[in-house]
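Comments concern the structure below.
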Amino acid sequence: MTVKTVLSVIVWGLLLYAAISDLLWQQVYDLVWIVITGIQFFLLLFYRCFTPDIVISLGFFIVIQEFVMDKAYGKADCHALCCCALSYASFRCGLNVYIFHLAVTFILLCVVQFSSGNVDKRLRLKKKIPMIPYILVGYWIVLCICVP
């Protein structure tokens, strides 16, 4: 078993913890995001994944998530999406994969929320729901599709 495999499993476990925490308490400790980000930066440096394309893609995606989209959904959701983008970057995936993950997440969210009747006539959620579980399922789907 390689170092990358072990660290990736730790990241996946922490993302699963974050999803469960979001489901149960609608709260995720910041330490989760700090540990995931640290592991991902280690992987990016150790496996020399910091190409100009990856740096630009990550920078653009993280800035948009953390400073623009934080008003659209929760800060923890932004952190989760950024951590997933860092994970994809360690597999040398770029902005197209990060956006594909976002699209898969929102498609899952829409299908489940429309089918459960949690969307009003103005297309807003009637009741707030935890989004990190959708982000996690989308992450697993995109890993299976896009990562070699």
Side-chain angles (χ1 to χ4, degrees), residues 4-44 49-51 53-148:
K4 186 173 188 174
T5 303
V6 172
L7 292 176
S8 294
V9 169
I10 292 170
V11 167
W12 298 336
L14 287 169
L15 286 171
L16 180 60
Y17 167 78
I20 292 168
S21 178
D22 195 25
L23 262 173
L24 296 177
W25 304 292
Q26 290 78 45
Q27 181 178 339
V28 181
Y29 291 110
D30 288 339
L31 184 60
V32 171
W33 310 124
I34 293 168
V35 171
I36 292 173
T37 302
I39 290 171
Q40 292 302 344
F41 271 110
F42 171 79
L43 288 172
L44 287 166
C49 299
F50 274 124
T51 63
D53 291 348
I54 296 294
V55 171
I56 291 167
S57 294
L58 275 174
F60 178 75
F61 189 79
I62 290 171
V63 165
I64 294 297
Q65 286 303 315
E66 295 292 342
F67 300 107
V68 177
M69 297 307 293
D70 66 330
K71 308 295 185 274
Y73 35 79
K75 198 67 164 166
D77 302 328
C78 295
H79 296 333
L81 288 164
C82 291
C83 286
C84 291
L86 285 167
S87 177
Y88 296 134
S90 71
F91 292 105
R92 292 184 166 78
C93 297
L95 186 60
N96 57 339
V97 175
Y98 316 155
I99 293 172
F100 179 60
H101 173 231
L102 194 57
V104 168
T105 299
F106 279 107
I107 289 168
L108 290 169
L109 182 79
C110 289
V111 167
V112 172
Q113 296 308 309
F114 272 106
S115 64
S116 68
N118 191 27
V119 180
D120 66 17
K121 292 178 183 178
R122 295 182 306 162
L123 298 178
R124 295 192 177 194
L125 293 175
K126 293 177 184 176
K127 179 183 159 208
K128 287 186 139 190
I129 49 101
M131 190 170 148
I132 297 175
Y134 294 95
I135 294 170
L136 180 62
V137 172
Y139 172 72
W140 288 334
I141 291 169
V142 173
L143 277 180
C144 292
I145 294 171
C146 296
V147 174

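In this structure, CG on Leu44 lies 12.0 Å from CD1 on Ile39, to the nearest 0.5 angstrom. Within the model, atoms OG of Ser57 and CD1 of Ile62 stand 10.5 Å from one another, a figure rounded to the nearest 0.5 Å. Rounded to the nearest 0.5 Å, atoms CG (Leu102) and CD1 (Ile107) are 10.0 Å apart.
Considering every non-hydrogen atom in both Cys93 and Val147, the closest pair reads SG-CG2, 4.2 Å. Nearest heavy atoms, Lys75 versus Glu66: NZ-O, 2.8 Å. Closest heavy-atom contact between Arg92 and Cys49: NH1-SG, 3.7 Å. A pairwise comparison of heavy atoms in Leu81 and Gln65 identifies CD1-OE1, 3.4 Å as the closest pair. Shown here for Leu43 and Lys4, the closest heavy-atom pair between the two residues is CD2-CA, 3.9 Å. Nearest heavy atoms, Ala89 versus Ile54: CB-CG2, 3.7 Å.
Surrounding OH of Tyr17 are more than 12 heavy atoms belonging to other residues, nucleotides or ligands, all under 6.0 Å away. Other residues, nucleotides and ligands place more than 12 heavy atoms under 6.0 Å from the CZ atom of Phe50.
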- [ ] Verify side-chain contact (heavy atoms from CB on, under 4.5 Å) between Phe106 and Tyr73, making sure each step is shown before the conclusion.
- [x] CA-CA 12 Å; Phe106 279 107; Tyr73 35 79; 3.6 Å; yes
Task: Check against side-chain contact (heavy atoms from CB on, under 4.5 Å), Leu7 and Val11 - done: CA-CA 6 Å; Leu7 292 176; Val11 167; 5.6 Å; no
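Salt-bridge annotation for Asp120 and Lys126: absent, with no side-chain N of the basic residue lying under 4.0 Å from a carboxylate O of the acidic one.
Inter-residue side-chain proximity for Phe61 and Met69 is flagged as unmet; no heavy-atom pair is nearer than 4.5 Å. Side-chain atoms of Leu58 and Tyr98, non-hydrogen and from C-beta on, do get closer than 4.5 Å to each other. At least one side-chain heavy atom of Phe91 sits less than 4.5 Å from a side-chain heavy atom of Ser8. Proximity of Ile36 to Leu86: side-chain heavy atoms (C-beta onward) are nowhere separated by under 4.5 Å. Using a 4.5 Å cut-off on side-chain heavy atoms (C-beta onward), Leu15 and Cys84 make contact.
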Pairs of donor and acceptor atoms involving the side chains of residues 128-146, under 3.5 Å and at least two apart or interchain, shall be tabulated with distances.
| residue | atom | partner | partner atom | Å |
| --- | --- | --- | --- | --- |
| Tyr134 | OH | Gln113 | NE2 | 2.9 |
| Tyr139 | OH | Trp12 | NE1 | 2.8 |
| Tyr139 | OH | Ser87 | OG | 2.5 |

